[in-house]
Amino acid sequence: MVILHADADAFFAAVEQRDDPRMRGRPMVVAHEVVACPSYEARALGIHAGMPLRQVQRRWPQVLVSGYRDEAYAEASAALFALFHRFTPLVEPGSVEEAFLDVTGRDDGDPVGLARALREAARAEVGLPVSVGVGRTKLMAKLASRRAKPDGLVVVDAGLEAHLRPGLRLDDLWGVGATTYEKLHATGLFDVADLDGLDVEDLTFVVGTAMARRLVSIARGTDDATIRLPGARRSVSASRSFPATRTRSKVVAVLDTCIERAVTRVRGLDDPPRLPRRLEVLVRYDDGTTAVERAPLDAPTLDPAALRTAAGQLLEQTAYDRDGRGVTLVGVTLPLPAPA
DNA sequence: TCTGGGGTCCTAGGACCC
DNA sequence: TCTGGGGTCCTAGGACCC
């Protein structure tokens, strides 16, 4: 198997730098209140996603700021995926900016040449830097692309894989987050070599069945190289953060905007559009906690007025305006039924 | 340090049916 | 009338990803 992991570098920032010559080579961020994506030049200063924009502007006045241009990102993403599909039909999206490609049998025995061709085409035709990792499994390709960033190419061949695999830290594994690592750590397991000789039953009581199977297959080198083609979208959500507020009209106005955005995106998905049967409202407070309220709709609908009414009721259930905390984000999620 | 604005998948448990 | 076994569907909530 030959798997590529192709990953556009600092995607949102790179699109802005491509389209606006003044941004090129400069520290800049795509942000709205909070940094969503810093350019590599900005990262070099110590700026990272999630920083409040005001803090960035105070400390680094030279940093340029771009707002979001959703349409430009969607277009760039589509161009990227069209390019991926020229190399193979077996493309598994990871996000708008990255994908696994199974190019087994398509590389003329030269995976490096193929990966180079992909990077060059992305640069020439889409105008974006794309890092590529090559490996025998998705995990190895992903590790390789991580090492390749920014704007690089790394190959993990069989020899390097055999060398690397046992020493991989469990919290470096894609799919193992803080919670799972904590459980493994508490059991005395730190790296892949520690899994040697354990089987699924041994690990199930620690991390659950699905994770136990994954870990055992990673330890044995039989982990996943299967490309899963994308199915229909399962949900659409829209949210917006803002400086902490307890003003009801402000919160409701932002929520209404989110509903409009989500409805527009759902309509763009299918024709005729799938109608949500439920609605979720998300509220984040300035103490960092998050509340979600959900309820079935009276009838499946994309009518903004009906959704606003339902969302308003859910918002009231959060008691957002009565407990003294400030609200810093609101959003809606529309879960979508499977296509007919 | 775990943010923002998106998403997916897994698991547990309840409802309902035979 | 009650119990038990088994299957499916749905939802809530958590973990994880970029």
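Treat the numbers as computed from the prediction; the structure is a model and nothing was measured. Protein chains get the first letters and strands the later ones, always in sequence-line order, with residue 1 at the start of each.
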More than 12 foreign heavy atoms under 6.0 Å from [atom1] of [X]: is that the case here?
| X | atom1 | result |
| --- | --- | --- |
| A/D196 | CG | no |
| A/R59 | CZ | no |
| A/R234 | CZ | no |
| A/Q62 | CD | yes |

In this structure, how many angstroms lie between the [atom2] atom of [N] and the [atom1] atom of [X], rounded?
| X | N | atom1 | atom2 | value |
| --- | --- | --- | --- | --- |
| A/F100 | B/dT8 | CZ | P | 16 Å |
| A/D172 | C/dC18 | CG | P | 11 Å |
| A/Y181 | C/dC16 | OH | P | 13 Å |
| A/D224 | C/dC17 | CG | C1' | 15 Å |
| A/H32 | B/dT3 | NE2 | P | 18 Å |
| A/K138 | C/dC16 | NZ | C1' | 15 Å |
| A/Y68 | B/dG6 | OH | C1' | 10 Å |
| A/K149 | C/dC18 | NZ | P | 10 Å |

**Asked** If only side-chain N and O atoms of A/R284 are considered, is one of them under 4.0 Å from the OP1 or OP2 phosphate oxygen of B/dG4?
**Response** yes

**Prompt:** Would you say B/dC9 has OP1 or OP2 under 4.0 Å from some side-chain N or O of A/R213?
**Reply:** no

Does anything in [range] come within less than 4.0 Å of DNA chain B? Heavy atoms only, and list the residues if so.
| range | result |
| --- | --- |
| residues 226-238 of chain A | A/R228, A/R233, A/R234, A/S235, A/V236, A/S237, A/A238 |
| residues 39-50 of chain A | A/H48, A/A49, A/G50 |
| residues 54-64 of chain A | none |
| residues 77-97 of chain A | none |

Under the 3.5 angstrom rule, does the side chain of [X] hit a backbone N or O of [Y] as a donor-acceptor pair?
| X | Y | answer |
| --- | --- | --- |
| A/T137 | A/M140 | yes |
| A/D194 | A/F190 | yes |
| A/T309 | A/A305 | yes |

For [X] and [Y], does a side-chain donor sit closer than 3.5 Å to a side-chain acceptor?
| X | Y | answer |
| --- | --- | --- |
| A/E41 | A/Q17 | yes |
| A/R325 | A/T289 | yes |
| A/T301 | A/D303 | no |
| A/S131 | A/D7 | no |
| A/T247 | A/S249 | no |

pair [X]-[Y]: side-chain heavy atoms closer than 4.5 Å:
| X | Y | answer |
| --- | --- | --- |
| A/T333 | A/L282 | no |
| A/L315 | A/V251 | yes |
| A/E33 | A/R240 | no |
| A/L279 | A/L314 | yes |

Counting any heavy atom closer than 4.0 Å, what does [X] reach on the DNA or RNA strands: base, sugar-phosphate only, or nothing?
| X | answer |
| --- | --- |
| A/R146 | nothing |
| A/K142 | sugar-phosphate |
| A/L173 | sugar-phosphate |
| A/T333 | nothing |
| A/R277 | nothing |

**Item:** Secondary-structure stems, DNA chain C, at least 3 Watson-Crick or G-U base pairs under 3.5 Å
**Value:** B:5-18 with C:5-18

Polar atom pairs between nucleotides 11-14 of chain B and protein, under 3.5 Å, N or O only, would you list them?
{"residue": "B/dT11", "atom": "OP1", "partner": "A/A210", "partner atom": "N", "Å": "3.0"}

**Nearest heavy atoms of A/L143 and A/D172, plus distance in Å** = CD2-O, 4.2 Å

**Asked** Which sits closer to the 5' end of DNA chain B, A/R240 or A/A178, going by the nucleotide each is nearest to?
**Response** A/A178

